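Working notes, beginning with the structure itself.
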Amino acid sequence: MEDFKQLFSLEGKAGLVTGAGSGLGKGIAEGMAQYGAAVAVVDINYDAACKTAEVIHAGGGEALPIRCDVTQPDQVSEAIHQALSRFGKLDILAAIAGIGDRNPAEKMTLEQWDKVIAINLRGVWLFNQEVGKHMIERGKGGSIINMGSVAGQVGLTTGNANYAAAKGGVIALTRLLAVEWAQYNIRVNAISPAQFRTPLIINLIESKPETLSYFLENIPLGRLGEIRDIVGPAVFLASDASSMVTGAVLNVDGGYTAH
Ligand SMILES: NC(=O)c1ccc[n+]([C@@H]2O[C@H](COP(=O)([O-])OP(=O)(O)OC[C@H]3O[C@@H](n4cnc5c(N)ncnc54)[C@H](O)[C@@H]3O)[C@@H](O)[C@H]2O)c1
């Protein structure tokens with residue numbers, strides 16, 4: 001019998017996770033490390049990246065913390081250079097770093113628009129392009145996971161015009177790259193969560209408590225996502241278990257987009 005359990009293993013693989021200092025990126029980096037990958041832990045907050053790397057080391061995994069602002073091309077190149085210097089290759093990219101900055105559309109400033117588009121869309125593009133170049137040159141394929149959101153698919157998350165536009169862009173970019181890079185066996189998929197209990201959402205609920213019931217009303221499973229809910233989908237997309245999956249938007253949303 002073929003050993004199908006091995007399909008989910010990340011042993012011998014090297015990955016880079018952006019936004020890995022907190023929330024979903026941290027969970028994804030830790031999960032990938034537990035499944036055997038060496039992980040470059042990238043964040044603008046170097047202390048937070050170091051803490052994630054420490055947790056991974058304490059669990060017996062391999063991690064390299066790297067400070068990088070994902071909006072800056074020179075910093076993106078340098079981060080990838082550091083990861084390649086340590087690991088010699090990258091099989092996996094998880095472009096997770098992102099922020100929200102809400103305001104009703106009619107009040108949203110250009111600064112708010114530009115900042116969210118820069119981190120959530122330009123940052124994803126810069127990492128996809130640079131890691132994609134490496135994967136093409138190396139000739140061994142790879143798996144790219146981009147962080148979408150239900151906000152990129154439906155109009156329910158009000159006050160979020162900048163964020164919805166960025167996430168919609170990430171989903172469109174994911175589909176385009178999946179087709180363009182299929183010839184290199186580089187798979188490009190997106191994860192699209194509803195609201196998860198991370199600092200991003202906890203801060204919002206603390207400042208506007210009524211948002212919690214609004215979120216929950218739209219999630220058929222009736223709860224917020226927890227960090228552990230994102231790990232399986234990310235490990236699946238990173239691993240050979242998803243070797244025929246590309247251009248997919250994996251909704252991790254408790255049914256949010258199903259109704
Ligand atoms: N939490 C949710 O409910 C939810 C839902 C859908 C999508 N998402 C997406 O998941 C991703 C992670 O969100 P989270 O909830 O874990 O947020 P978080 O605030 O807990 O973590 C985001 C991390 O990104 C880092 N970061 C911010 N700007 C950066 C930059 N310019 N360069 C590098 N790193 C930067 C932060 O330092 C932080 O460590 C984001 O793309 C977010 O849009 C989150």
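Atoms within each ligand, like the ligands themselves, are counted from 1 in listed order. When a residue number appears, it is its place in the shown sequence, counting from 1. All figures in this text were calculated on a predicted structure; none of them were measured in a lab.
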(request) Please identify each residue that fulfils side chain to side chain donor-acceptor pair (under 3.5 Å) with D91, with sequence neighbours left out. (result) K89, R138
(request) Step through the shown structure and confirm whether more than 12 heavy atoms of other residues, nucleotides or ligands are within 6.0 Å of NE2 on H81. (result) no
(request) State, yes or no, whether a side-chain contact exists between L173 and V124 at a heavy-atom distance under 4.5 Å. (result) yes
(request) Could you tell me which residues satisfy side chain to side chain donor-acceptor pair (under 3.5 Å) with N103, sequence neighbours excluded, listed by chain and number? (result) Q112
(message) K26: which residues meet the salt bridge (Lys or Arg N to Asp or Glu O under 4.0 Å) condition with it, sequence neighbours left out?
(response) E30
(request) Tell me the residues surrounding ligand 1, counting only those with a heavy atom closer than 4.0 angstrom, sorted by chain and number. (result) G19, G21, S22, G23, L24, D43, I44, C68, D69, V70, I96, A97, G98, I99, I119, M147, G148, S149, Y163, K167, P193, A194, Q195, F196, T198, P199, L200, I201
(request) Evaluate whether atom CZ of F87 has more than 12 neighbouring non-hydrogen atoms of other residues, nucleotides or ligands under 6.0 angstrom away. (result) yes
